[in-house]
Protein chains: 2
Amino acid sequence: MPLSKDHKQRSKQRILDSAVALFSKYGFNKVSINEIMEHAQLTRGGFYAHFGSKEELYAEAVIKASQNSKIFEANETLACDREFIQALINGYLNKNHISQKSPPCPLAFLATDVANEEKQVREVYTKIFKGFVNMMNARAINKTTTKTENQMMALAAMMIGGVAVGRVLTDNKLVDELLESCRNIAIGLIEQEG
Amino acid sequence: MPLSKDHKQRSKQRILDSAVALFSKYGFNKVSINEIMEHAQLTRGGFYAHFGSKEELYAEAVIKASQNSKIFEANETLACDREFIQALINGYLNKNHISQKSPPCPLAFLATDVANEEKQVREVYTKIFKGFVNMMNARAINKTTTKTENQMMALAAMMIGGVAVGRVLTDNKLVDELLESCRNIAIGLIEQEG
DNA sequence: GTCTATAGAAAGATAGAC
DNA sequence: GTCTATCTTTCTATAGAC
């Protein structure tokens, strides 16, 4: 690969990383291209050498965020199903996740934000959600058939809802209670006969 | 009440209704004051006779949306606890809710949107969430103590998450599956011993 | 209390130098 | 490929007539 191409790729990745961090923290509309480029230590004008529009960046940033987050660690761990899924639940429904000390999951951080965008971004979100549910299905304990799918989809909704709501609440004690409640019910769900 | 004061009140309510509809559909940043005022059949300049800023309108609109939605119907119905809470779950985790054919619940429609705003709006959201959970607790079946609170808070997260995610998905069949899964698990949860 | 008109700031996107 | 400079649009908010 020529040096210039490598350089361009690295710039693009820096832009994407900045976009993930800023969009997750402030939402799509509250962040300007200028801010993203400055965060990536570049200048405004260079943006369009990498992306055709701000919307296009958003779609790629949502994918990148999902890759960074815990929700697709499935393939990389050798833990048994129970250990794996418990670790996923505990890491996801966690204060470090809410405060972005661990990489933010776009399904929770950008849920209503993506709902307001064009089809392109919503399709990306849909695909990531499907992947998340499928992965949990594959790892589910006490599997049978449809009931497991039911449980895993509802579990995904609870995890996403718990983090999305927890991020809004101004009452710190309530956030702790919410996260703990969701973790408890979630763990109960996966132990149930499916 | 003098006629002018009544007139002003009605204008303010029209502005609030427009704000609820447009913010819920497009999000805070995608909607301009001009659009809200036109939707309320008024002109741009008149806005500041009613609200000090766009943020202030948002806070009031979130309250108004919660009052319109199903989540505070508790005091108005005489149905027994089981009937009431089942009806709430079925009405909330419903396609008519997602498409805003029934009044949108701000907890689901504005979750990550509110997370990006100032403390004032987030405190309003927090209060509404508390009220929602408390109401469900009061109506819970097979009550005991802490375990019920756990269940109801996790249930709230699942309901909010289910609607928030369902609103994004571009795959209609998947939306149906998601809503049905959440309804099934939710009904199962409230029938559990608490 | 509501209107028209406009100030002032910031955004997305483009043009052209190097 | 990245820079500076700028076009054009759109926004919040204010001023002043009625």
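We use all heavy atoms of the structure for the numbers below, so side chains are in, but hydrogens, waters and symmetry mates are not. Everything numeric here is computed off the predicted structure, so don't read it as measured data. Every chain is numbered from 1 and lettered A, B, ... according to where its sequence line falls, protein lines coming before strand lines.
- Contact annotation: T43(A) reaches the phosphate of dC3(D) (side-chain N/O to OP1 or OP2, under 4.0 Å).
- A cation-pi arrangement is absent between K70(A) and Y92(A), since the terminal nitrogen or guanidinium carbon is not both under 6.0 Å from the aromatic centre and inside a 45° cone about the axis.
- Nearest to the side chain of S53(A), among dT2(D), dC11(D), dA13(C), sits dA13(C).
- In this structure, Y48(B) places its OH atom 17 Å from P of dA7(C), rounding to the nearest Å.
- Between S11(B) and R44(B), the residue anchored closer to the 5' end of DNA chain C is S11(B), taking for each the nucleotide with the nearest heavy atom.
- If you measure from atom CZ of F51(B) to atom P of dT14(D), you get 16 Å, rounded to the nearest angstrom.
- Ring geometry, F23(A) versus Y58(A): the interplanar angle exceeds 60°, so the pair is classed perpendicular (tilted spans 30 to 60°).
- Rounded to an integer number of Å, the gap from N29(B) CG to dG12(C) P is 11 Å.
- Nearest nucleotide to the side chain of K8(A), out of dG1(D), dG12(C), dA13(D): dG1(D).
- dT2(D) atom C1' lies 8 Å from atom CG of L42(A), rounded to whole Å.
- In this entry the distance linking NZ of K12(B) with P of dT2(C) reads 12 Å, nearest Å.
- Remark: K12(B) engages E60(B) in a salt bridge, criterion side-chain N to carboxylate O under 4.0 Å.
- When rounded to the nearest whole Å, the span between CE of M37(A) and P of dA13(C) equals 13 Å.
- A straight line from NE2 of H50(B) to C1' of dT12(D) spans 17 Å, rounded to a whole angstrom.
- Between K54(A) atom NZ and dT10(D) atom C1' there is a gap of 13 Å when expressed in whole angstrom units.
- Nearest nucleotide to the side chain of I33(A), out of dG12(C), dC11(D), dT2(D): dG12(C).
- F51(A) has its ring centre less than 6.0 Å from the ring centre of F47(A).
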